[in-house]
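Data block below; observations after.
Computed from heavy atoms alone, side chains included, the values below leave out hydrogens, waters and symmetry copies.
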Amino acid sequence: MRHTLLLLVLFTTTSIAQSIYPQDYFRSPLDTELILSGTFGELRNNHFHSGLDLKTKQREGLNIYATASGYISRIKISHFGYGKAIYITHPNGYVTVYGHLQRFSDKVEAYVKKQQYEKESFEIELFPDINDLLVTKGEIFAYSGNTGGSGGPHLHFEIRDNQERPINPLLFGFKVQDKKKPIVKSVYAYPINEKSHVNGSNLKQKLRLIPQQNGDYKIEDLTAYGKIGFAINTIDQQDLAANKNGVYKIETFYNGAQNFTIDFKKFSFNETKHLNRLIDYTHYIDNKERLQKLFLDTNNPLSMYDTMIDEGYLTIFDTISNVYKVKIKDFEGNTTNVDINIKGVDKLPNDITEDFTSPYYVKSNEAMTFEEKNIKVEFPKETFYDDFFLDFKVSGDTLKLHENNIARKKYFTVSYDVSSYNPEDLKQVYIARLVGWNDFLSYSNTKRKEHTLFTRTKNLGTYCLARDTINPTITPLNFKDGQWLSKYRYLKVKIDDKDTGISNYRATINDQWILMEYDYKKKTLIYDFNDKVVTDTKNNLKIIVTDNVGNSTTFEASFFRK
């Protein structure tokens with residue numbers, strides 16, 4: 001009781017507004033040396049990485065410790081994303097987040113499973129009251145895992161402020177061995193308008209990097225004229241890991257004056273999607289290389305920029321020699337420099353290509369609808385960052401909707417009028433996007449309203465109607481019908497669906513719902529007999545799995561247990 005009262009007092013009296021980040025407040029969530037497989041602010045698909053990925057020796061089941069006292073304020077279990085995740089709110093106003101967990105401590109596990117059985121759902125999101133799940137600093141409350149969208153065993157660790165904005169955890173005093181300088185993979189120069197050029201060309205230019213013995217780089221001297229900008233592909237590595245991580249800070253200087261700074265200290269989740277405005281998105285889709293633009297494109301709302309002169313652009317004049325310098329830093333201050341000498345040469349640029357045009361023009365600041373035959377596409381206002389000509393073609397039930405290399409901010413709707421179809425023929429029909437060199441049919445979440453099939457998507461590309469007539473499969477992995485399972489801890493089943501994927505599943509034993517945890521990466525369902533649902537000797541297992549167009553498979557088996 002005293003512990004509870006003290007915690008309540010701390011929560012009501014401690015100011016969360018701090019001018020500096022506390023250095024000794026949080027301990028490590030692991031009892032091993034911190035080795036990073038991912039850094040804060042690292043560039044990921046459509047988002048910035050919001051925490052640190054901590055290596056767990058390529059194993060699951062390591063102890064996870066509360067980094068400070070507080071209470072578990074949120075628990076979320078999902079098939080994707082963070083998988084099993086716990087959020088702890090602390091008296092100083094910060095929230096720590098722990099993702100991809102294998103399992104929870106006994107008291108947390110009991111709390112969660114009670115709710116899962118009441119709701120009859122593996123996926124769940126809970127918001128415990130302040131006194132439900134108190135934790136003390138150093139208490140083991142969970143174990144590391146590989147759940148959700150994790151690509152391998154590790155702990156995802158975050159620190160957020162009272163407005164749910166993630167902050168770089170290294171600012172709080174966590175130490176990682178790092179004496180390595182960042183590495184520069186490539187540098188590009190961009191002529192910004194039709195009158196500017198780099199090395200005589202109006203096209204984006206990859207520049208020749210010349211590594212120096214001290215780890216810095218020089219660029220082969222170039223000529224330019226007019227308004228230009230630069231972009232860089234850079235990574236960082238720590239002493240104890242080979243992972244290609246993100247850097248902490250990038251600064252640029254033009255003729256000795258600082259003109260651009262971006263640092264990865266913190267951001268808000270409502271801006272993370274705008275990573276695609278920081279990078280050259282088209283280049284990334286076409287070349288699988290993330291170039292960070294060292295200038296501010298139009299409609300870029302990111303808050304990570306600091307110093308900004310002429311929005312990071314350079315204006316090169318005739319016969320003037322210029323020096324452009326890029327400084328890349330990691331959190332420990334290891335710095336890599338890139339020096340670029342630029343000679344101004346006034347000449348007409350060559351290599352000017354004609355832009356694509358079509359009858360369909362997208363205005364980014366307006367809601368737009370395009371329709372042909374039985375297919376309609378609706379773009380909300382500000383779906384895109386720029387205006388552009390849209391490649392829009394319809395042939396039968398196939399829609400060519402540009403290439404998927406234009407950055408998007410919002411979901412848009414693709415709809416098919418199917419009033420001319422026989423209703424019976426539509427029962428297993430869905431909207432698919434053609435993906436890859438072999439035009440693989442990728443299911444796009446399809447809804448039906450009267451005579452219309454529609455999908456909300458963020459993907460451009462080619463769409464068509466497809467039919468899924470194949471039922472899901474259910475295969476027992478560690479038992480067979482009629483088997484005695486008295487010494488078994490787990491019941492394991494593999495489920496799969498070839499075309500549209502699993503929509504939902506339900507499992508019962510003797511008509512009573514059981515919790516089967518779903519691992520989509522391994523395509524497995526696992527039931528833990530320690531849940532103590534099974535009390536009879538003879539038991540009937542029933543599993544129903546349904547795919548995304550309604551095809552369903554039922555699996556039944558009996559087993560015996562004492």
Side-chain angles (χ1 to χ4, degrees), residues 76-81 83-84 112-126 147-149 423-432 441-448 453 455 466-485 488-561:
K76 186 173 183 180
I77 299 177
S78 58
H79 298 148
F80 309 103
K84 293 185 178 182
V112 173
K113 283 198 172 183
K114 181 176 183 295
Q115 301 295 321
Q116 288 175 311
Y117 271 95
E118 286 182 0
K119 299 178 184 297
E120 295 191 354
S121 175
F122 167 62
E123 289 194 301
I124 199 167
E125 186 170 16
L126 305 171
T147 56
E424 285 297 313
D425 294 336
L426 293 172
K427 288 184 177 179
Q428 299 160 312
V429 170
Y430 62 97
I431 299 174
L441 292 172
S442 177
Y443 172 78
S444 187
N445 188 22
T446 304
K447 305 293 184 183
R448 182 172 180 178
L453 292 178
T455 183
R467 175 178 281 113
D468 177 5
T469 61
I470 302 174
N471 292 339
T473 58
I474 306 174
T475 308
L477 293 177
N478 67 337
F479 69 97
K480 58 184 179 181
D481 188 30
Q483 185 175 349
W484 280 88
L485 303 177
Y488 282 53
R489 167 76 185 270
Y490 299 104
L491 200 64
K492 299 181 180 181
V493 174
K494 180 177 181 179
I495 63 174
D496 195 11
D497 186 73
K498 181 181 178 182
D499 290 338
T500 56
I502 303 297
S503 172
N504 59 74
Y505 64 91
R506 179 179 175 83
T508 59
I509 293 179
N510 300 332
D511 296 323
Q512 182 176 352
W513 185 86
I514 60 170
L515 173 64
M516 296 199 83
E517 299 198 357
Y518 178 45
D519 183 339
Y520 80 95
K521 296 190 291 285
K522 296 181 180 179
K523 302 178 181 180
T524 57
L525 296 176
I526 300 177
Y527 167 69
D528 187 349
F529 281 113
N530 283 356
D531 287 357
K532 298 180 180 179
V533 173
V534 176
T535 57
D536 297 336
T537 301
K538 183 178 180 180
N539 300 276
N540 296 313
L541 170 69
K542 184 177 182 179
I543 303 173
I544 302 173
V545 178
T546 306
D547 68 16
N548 277 295
V549 296
N551 297 312
S552 181
T553 298
T554 299
F555 171 85
E556 294 186 86
S558 61
F559 64 89
F560 300 87
R561 185 176 172 86

Starting at [atom1] of [X], measure out to [atom2] of [Y] and round the result to the nearest 0.5 Å.
X	Y	atom1	atom2	answer
T553	I543	OG1	CD1	11.5 Å
T473	D497	OG1	CG	7.5 Å
T147	D519	OG1	CG	8.5 Å
T537	F559	OG1	CZ	11.0 Å
K494	L477	NZ	CG	7.5 Å
L126	Q116	CG	CD	8.0 Å

What residue among D536, T535, L491, V534 forms side chain to side chain contact (heavy atoms under 4.5 Å, CB included) with R561? V534

Among I502, N471, D468, the one residue meeting side chain to side chain contact (heavy atoms under 4.5 Å, CB included) with D547: D468

For residues [X] and [Y], report the shortest heavy-atom separation together with the two atoms involved.
X	Y	answer
A557	F479	CB-CE1, 4.3 Å
D528	N530	OD1-N, 2.9 Å
K480	Q483	N-OE1, 2.9 Å
L485	F529	CD1-CZ, 4.3 Å
L515	K113	CD2-CE, 4.0 Å

Decide yes or no on side-chain contact (heavy atoms from CB on, under 4.5 Å) for I509 and Y527, but give the supporting numbers first. CA-CA 11 Å; I509 293 179; Y527 167 69; 4.1 Å; yes

Over 12 foreign heavy atoms within 6.0 Å of CG, D511: no

Are there more than 12 heavy atoms of other residues, nucleotides or ligands under 6.0 Å from atom NZ of K521? yes

Any side-chain heavy atom of [X] within less than 4.5 Å of one from [Y]?
X	Y	answer
L525	Y505	yes
I77	E123	no
M516	F122	no
I495	P472	no
T500	Q428	no
F555	L541	yes

Show the numbers, then the answer: is there a side-chain contact (heavy atoms from CB on, under 4.5 Å) between K492 and T524? CA-CA 7 Å; K492 299 181 180 181; T524 57; 5.9 Å; no

Trace of the side-chain contact (heavy atoms from CB on, under 4.5 Å) decision for V112 with K84: CA-CA 11 Å; V112 173; K84 293 185 178 182; over 6 Å; no

Y518 ring center near H79 ring center (under 6.0 Å): yes

Run E556 and N540 through side-chain contact (heavy atoms from CB on, under 4.5 Å) and show every step you take. CA-CA 7 Å; E556 294 186 86; N540 296 313; over 6 Å; no

Holding to salt bridge (charged side-chain N to carboxylate O under 4.0 Å, His left out), I want the full list of residues that pass it with K76, two or more places apart in sequence or in another chain. none

Indicate yes or no for a side-chain donor-acceptor contact from [X] to the backbone of [Y] under 3.5 Å, with no hydrogens or angles considered.
X	Y	value
N510	N539	no
T455	T446	no
R506	E120	no

Distance-only side-chain donor-acceptor flag, D481 / S558, under 3.5 Å: yes

Would you tell me whether Y117 and D531 have side-chain atoms, one donor and one acceptor, within less than 3.5 Å of each other? yes

With sequence neighbours left out, the residues meeting side chain to side chain donor-acceptor pair (under 3.5 Å) with E125 are R74

